[in-house]
There are 2 protein chains.
Amino acid sequence: MLQKVLIAEDYESSNISVQKALEDLGISHDIKNQVYYCDDALARIKKAMSEGNPYDLLITDLSFDDDHTKQIITTGNALIKAAKDVQPDLKILVFSVENRLSVAQHLFKECDIDAYVPKGRRDSQDLKLAIETISKGGRYLSGNLKKEEKAEIDYDFSVVELAIISQLAQGTSQKDIPHYLQANSITPFGLSSVEKKLGSMKAIFGFTKNEQLIAYCKDKNII
Amino acid sequence: MLQKVLIAEDYESSNISVQKALEDLGISHDIKNQVYYCDDALARIKKAMSEGNPYDLLITDLSFDDDHTKQIITTGNALIKAAKDVQPDLKILVFSVENRLSVAQHLFKECDIDAYVPKGRRDSQDLKLAIETISKGGRYLSGNLKKEEKAEIDYDFSVVELAIISQLAQGTSQKDIPHYLQANSITPFGLSSVEKKLGSMKAIFGFTKNEQLIAYCKDKNII
DNA sequence: CCTGTTTTTACGGGAAACCGTAAGCCTCGA
DNA sequence: TCGAGGCTTACGGTTTCCCGTAAAAACAGG
């Protein structure tokens with residue numbers, strides 16, 4: 001059974017509806033168990049642990065808006081990893097606008113989360129179902145996730161590649177990118193290497209133009 | 001005073017927290033007065049009008065997710081315009097993730113909306129304040145909007161320009177774009193015109209490369 | 001230390017994009 | 001009808017990018 005639940009969600013409106021979902025399920029929920037920042041969430045988890053009264057479940061968003069208040073942990077992903085470090089048995093439910101199946105699957109695999117629910121048309125019902133499933137010891141992957149049609153290639157861009165792409169997107173001409181890379185001690189920095197990297201990235205995705213690559217990276221929030 | 005309020009918001013969780021905000025303000029809210037699609041919203045507004053019991057306020061999102069159910073109106077913007085057509089005195093409150101000041105200002109000017117509240121860290125409080133202000137006959141522009149630093153250029157891209165940009169982003173080589181434009185009867189379609197349009201767009205924004213233009217348009221959700 | 005392999009860089013020919021100029025075309029008003 | 005001005009297109013030279021090849025450098029194993 002779930003008794004102690006922590007909500008990490010920056011948007012007050014989302015936060016409130018998560019609380020309401022918990023209420024609807026008859027799970028008591030103290031106002032102190034909801035936070036708007038990742039750092040606060042981790043602090044709560046640590047404190048609860050040290051007091052011998054740890055949380056059963058963490059419901060967290062993935063993206064948190066930047067703010068005037070400087071934070072150490074800025075993404076749900078990092079929060080999950082940090083939380084699992086201090087309390088490996090903590091159950092995790094991710095509640096995010098991100099609705100790509102591949103992203104959710106990645107979280108199950110890499111971070112050993114217990115449920116994934118995307119925000120959307122029926123998200124509150126979805127959320128309740130997920131919480132109930134977890135409380136029964138199960139795992140829950142929402143059916144509302146968008147399965148990418150053409151078998152998404154999940155390619156990990158290297159540091160150089162990301163640097164090249166973002167320089168391009170900022171208008172740096174290709175022949176000037178070596179200077180930039182060298183100035184930031186990123187290797188390899190030769191013009192040939194830049195050209196080759198661009199060529200190989202485009203080949204991987206079946207693109208023909210740099211513009212396509214930029215569009216892709218923007219769509220996937222890679223840059 | 002506000003008595004009859006319609007909520008048009010596709011995400012159930014957001015919808016719920018808007019309802020809760022209304023409750024907190026002591027505004028009675030029938031479950032029938034919340035919809036998940038723009039078309040439903042317009043139908044409700046029309047029906048209420050014809051029954052001589054029109055709505056006082058429409059609280060709407062701007063973006064609505066696509067779905068298996070085909071809709072005529074698919075954006076909050078179009079809904080607002082359509083609603084104003086059937087009931088010009090209807091008050092409008094926009095509640096959206098979009099947090100650019102320029103977008104909000106544009107809505108006040110073009111669509112004569114009464115309040116703009118971006119989703120964010122304190123959005124429920126913000127929302128309540130907005131509703132109260134409207135009920136007193138005022139207008140409300142949230143202070144949580146991001147004022148674009150370097151005086152955003154708000155440039156209206158023409159049909160040709162958008163076509164060129166999206167073709168580029170899809171990998172069409174520049175010299176093949178004329179074929180595409182002609183096939184879709186978009187003018188002008190000469191290669192020179194394509195080059196000139198690209199040149200002028202880049203000049204306007206101070207860009208040097210097409211990649212920058214693509215990145216910009218992706219960021220602004222133009223393509 | 002030597003050798004084979006991989007990675008990085010250099011070079012050069014060809015293609016695409018860029019940009020200025022000029023010619024063609026349409027529109028509008030005298 | 002004619003001519004001026006704006007818009008569109010055609011053309012050519014220059015720059016940038018693309019891509020294959022090969023030299024140079026870094027690396028690993030013996």
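Only a predicted model underlies this, so the values are computations on that prediction, with no experimental measurement involved. Each chain gets a letter, A, B and so on, in the order its sequence line appears, and its residues count up from 1.
Using bins of under 30°, 30° to 60° and over 60° for the plane-to-plane angle, the ring pair B:F205/B:F207 lands in the parallel bin.
Scanning residues 187-209 of chain A for heavy-atom distances under 4.0 Å to DNA chain C yields A:P188, A:F189, A:G190, A:S192, A:S193, A:K196, A:K209.
If you take CD of A:Q212 and P of D:dC17, they are 18 Å apart, rounded to a whole angstrom. Across the protein-nucleic acid pair, A:Q174 atom CD and C:dA17 atom P stand 13 Å apart, rounded to whole Å. Summarising the geometry, the separation between CG on A:N210 and P on C:dA15 is reported as 19 Å, rounded to the nearest angstrom. Atom P of nucleotide C:dT7 and atom CD of A:E161 are separated by 13 Å, given to the nearest angstrom. The CD1 atom of A:I177 sits 16 Å away from the C1' atom of C:dT9 (whole-angstrom rounding). Remark: C1' of C:dC18 and NZ of A:K175 are 13 Å apart, rounded to the nearest angstrom. Following rounding to the nearest Å, A:I164 (CD1) and D:dC17 (C1') show an atom-to-atom distance of 14 Å. Atom CG in A:L168 sits about 13 Å away from atom C1' in D:dC18, given to the nearest Å.
Between the side chain of B:R139 and the main chain of B:I113, a donor-acceptor pair closer than 3.5 Å is present. No side-chain donor-acceptor contact under 3.5 Å links B:N15 to the backbone of B:E12.
A donor-acceptor pair shorter than 3.5 Å can be found between the side chains of B:N33 and B:Y55. Side chains of A:D126 and A:N144: a donor-acceptor N/O pair is present below 3.5 angstrom, by distance only.
Remark: A:R122 is positioned above the aromatic ring of B:Y36, its terminal NZ or CZ atom under 6.0 angstrom from the ring centre and at most 45 degrees off the axis.
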